[in-house]
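Scroll down for the structure; my scribbles are underneath it.
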There are 4 protein chains.
Amino acid sequence: MKTDLAGPAPRWARRKQARPAELLAAALDVFVERGFAATRLDDIALRAGVTKGTLYLYYDSKEDLLKAVVRAGMVPVVREAEAMVAHFTGSTAELMRNLAAVWWNAIGATRLSGIPKLVIAEAGNFPEVARLYHDEVIRPVSELIGRLLQRGMDSGEFRSVDADYMQRIAMAPLVMLNLWMHSFSRYDAYALDPPRYLAAYLDILLAGLAPRSETQGNRSCR
Amino acid sequence: MKTDLAGPAPRWARRKQARPAELLAAALDVFVERGFAATRLDDIALRAGVTKGTLYLYYDSKEDLLKAVVRAGMVPVVREAEAMVAHFTGSTAELMRNLAAVWWNAIGATRLSGIPKLVIAEAGNFPEVARLYHDEVIRPVSELIGRLLQRGMDSGEFRSVDADYMQRIAMAPLVMLNLWMHSFSRYDAYALDPPRYLAAYLDILLAGLAPRSETQGNRSCR
Amino acid sequence: MKTDLAGPAPRWARRKQARPAELLAAALDVFVERGFAATRLDDIALRAGVTKGTLYLYYDSKEDLLKAVVRAGMVPVVREAEAMVAHFTGSTAELMRNLAAVWWNAIGATRLSGIPKLVIAEAGNFPEVARLYHDEVIRPVSELIGRLLQRGMDSGEFRSVDADYMQRIAMAPLVMLNLWMHSFSRYDAYALDPPRYLAAYLDILLAGLAPRSETQGNRSCR
Amino acid sequence: MKTDLAGPAPRWARRKQARPAELLAAALDVFVERGFAATRLDDIALRAGVTKGTLYLYYDSKEDLLKAVVRAGMVPVVREAEAMVAHFTGSTAELMRNLAAVWWNAIGATRLSGIPKLVIAEAGNFPEVARLYHDEVIRPVSELIGRLLQRGMDSGEFRSVDADYMQRIAMAPLVMLNLWMHSFSRYDAYALDPPRYLAAYLDILLAGLAPRSETQGNRSCR
DNA sequence: TATGAATGAGCGTTCATTCAT
DNA sequence: CATGAATGAACGCTCATTCAT
């Protein structure tokens, strides 16, 4: 799965058209490494192989750059996820497993995984970033997951739950994995094992959604 | 349930002893509102009703203030949770429900709920803050929840799960609720309903931990 | 030879009367160690075993403290030198040797040796300090040395020189020794040997003052 | 004789290349006037016709600026003195008179004369400044004067003296003249006449170095 | 007399943003 | 398009001075 953010700027590809993507790639790197406030535009320019002034030819301000990074990085992945769901024909549980894998490959294992931390940290200071991220990323994904849960309930695969809120609960561990990787996991002692984390996640999520046997309550389903 | 952070500094209580707590309360407020980097020491001082220099009579630096805020805010709550678990005698599920309620009352519904966002945002820039929060908050809580899961499994109340990682999954939605409240929930349109969120959370968590019926697979627990 | 500046404050001597001298001793130490600007009143107070506020019971300001240190440290030594000269009966050359020794014992080898550097560095910023030091220290000493040179010329011991300016030249190496000890000599590699320095100084000074050729009359040395 | 430090920055010469020298000239002026600690970067910038931030485009810190001022100001003069000595063919006494004149024209009569006071005052607080000044200025000059004395002794022009220490004694009155000009001479009442001072200096220095007549030593005149 | 908490003005340094070239 | 020198507004931290106790 590809994103619009270029990889480490290849020197030979300095076409004018490629410039913005190169800048965004550099900006993403540094924003994720240092956080928004601690990032100097000089660092971004240095990593992109340009000078600070050049950034202003493409983006109006540091905040504008942040918004571009968020949008260019996340929206394509959202689109892709939506396309995947639209064409999937298997069981809902299978679909959720696939989605988790896609999410891991497209975001979790890439530099994009740093975006949620960035956005959460700055949402309070930059309403436009909050709105952008919510409307372009969170809302579509929420609706996607909400529809998925509904699909599972409709088919009898899942028991009846509060779909609107359950999708939030379902997303939380995935987001937290990203946050952890870009906060505590930076220190070796606090690192965790993502596959094992994801396995535990899918285990309890699907178990929790599975219909209870008719004759048994939750507590007594033993 | 109370915290160690005092309310808005009463003018008449300028006792030396009360000062540090007043400063921490003000610092917490502003840090949570603005984030660490965007917070000016002048703002904290203003809110505490003192001048900037006074802060340095009690704390060595802005980072030191952050560490004090985190420690003074969270450690007592952790202790309280540990005490509660140690004396509880009911079912593990009930204990988990109680813990969620305690957590909500002591943290979620107070200004302390802003600390996780602060720490996650700054953990990368301030290793000491990361270490402090992990060792004094995350680790004890993780172990607490891990023991809880083990207790449930031992008693047959819960099915067998990867306790170490499952506690991370179990904590994630609670942390995410805090993060949400201090990022997107600031904008009315994106607010959510905490009780409903917590209900959905406990619903799926306990359902997911409940033993499956012996004769039936996950899908077919009917 | 004693000064008015007390040694390391003896705890048992905390008579009110002794306080000002203790403060001055502490102030001299720290001023000499760090320079005027880099010295914090807190450091002086700490060394004197009092608190910062106490300093203001005895001295109006940091500059006032500096003036007191300079006056209390140097004036007694000047008086002593004047007394010594007044009672001396030997040759002028011998008197100058004695004066150099007295100067070394009373100033060069004590903490007072740091005062010239202090005064020279701050004279431009504090006219009162400049005036004080010049009128109470430099002028008396200049006149003393000038009279000495005149005495030597009158007696035929010295050749005829520009007494007024020669006393400045004569003082320069002694002052420079003090300055060196409190600047470069702080670094071992740049230290020098004071006795050897003083020997070379007296050697050339007295040789330079001695009457020239044999055929020229040397009234007192024939 | 010129120095590398430009005069009052001409507005029309805002070439990038000229900037550093303009900044150093301004810095030298203000450092000498106020001393290092009392100098505000704003003052230097104002005098150079730039803003404070501009200083940091060329120098890393206030201390770095001090080092640059010292190096750029003194090293060329040292080189010049060394070149002059290397090519001189007259008598050693004549050479010393010439050196004193060169020193006066290149340093004593220029703003550079303020540097020794600066360095002596700050050597204790800034080891790097001390080392720089000692290794790049004091040591070369000391060696130069030491060789000169040796040359005079070898040729029989001078009597035998402790060359290593005598060069220190010989330099002291010149340094002291600089210090005086930038401390007490600021106040008219305490000003002195440099030519007369230098005449007295050369008078006694050369007289003191001259060989004694065989029959009458200085020492035997008691 | 002595304390020490509090002040408030000040300074070195940083960095997003601008603009002449 | 691109540069990079310059700006100027901040902000963290310091410390001489004050004053209620």
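The chains referred to below are lettered A, B, ... by the order of the sequence lines, with proteins before strands, and numbering in each begins at 1.
- When rounded to the nearest whole Å, the span between CG of B:L55 and P of E:dT7 equals 10 Å.
- Nucleotide F:dG12 holds its P atom 12 Å from the CZ atom of B:R34, rounded to whole Å.
- With sequence neighbours left out, B:K62 forms a salt bridge (charged side-chain N to carboxylate O under 4.0 Å, His left out) with no residue at all.
- Shown here are the side chain to side chain contact (heavy atoms under 4.5 Å, CB included) partners of B:D60, two or more places apart in sequence or in another chain: B:D64.
- The nearest whole Å value for the distance from the CG atom in D:L57 to the P atom in E:dC15 is 13 Å.
- Per the geometry, CG belonging to A:D64 stands 15 Å off P belonging to E:dA16, to the nearest Å.
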Tell me, for nucleotides 14-21 of chain F in 5' to 3' order, what letter each nucleotide earns: B for a base near a protein heavy atom under 4.0 Å, S for only sugar-phosphate near one, - for neither?
-> BSBBB---
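- Scanning for side chain to side chain contact (heavy atoms under 4.5 Å, CB included) contacts around C:A121 gives D:A121, with sequence neighbours left out.
- Atom C1' of nucleotide F:dG12 and atom OH of B:Y59 are separated by 18 Å, given to the nearest angstrom.
- Candidate nucleotides F:dA5, E:dA2, F:dG8 were compared by shortest atom distance to the side chain of C:Y58, and E:dA2 ranks first.
- When all heavy atoms are compared, the tightest approach of D:D43 to D:V30 is CB-CG1, 4.0 Å.
- In this structure, the side chain to side chain contact (heavy atoms under 4.5 Å, CB included) partners of A:E128, at least two apart in sequence or on a different chain, are A:E63, A:K67.
- Atom CD of A:E33 is separated from atom CZ of A:R111 by 10.5 Å, given to the nearest 0.5 angstrom.
- Rounded to a whole Å, the CG atom of B:L66 is 15 Å from the C1' atom of F:dG12.
- With a 3.5 Å limit on both pairing distances and Watson-Crick or G-U wobble geometry required, the stems of 3 or more pairs in DNA chain F span E:2-21 with F:2-21.
- Rounded to whole Å, atom P of E:dT13 lies 15 Å from atom CG of D:D43.
- Annotation for B:A68 and B:L24: closest pair CB-CD2, 3.6 Å, computed over non-hydrogen atoms.
- Distance check, rounded to the nearest 0.5 Å: CZ of C:F31 to CD1 of C:I115 gives 10.5 Å.
- Between A:F36 and A:F126, the ring planes are perpendicular. Angles over 60° get that label, and only those under 30° would be called parallel.
- For the pair C:L46 CG and E:dA2 P, the interatomic distance rounds to 17 Å; values are reported in whole Å.
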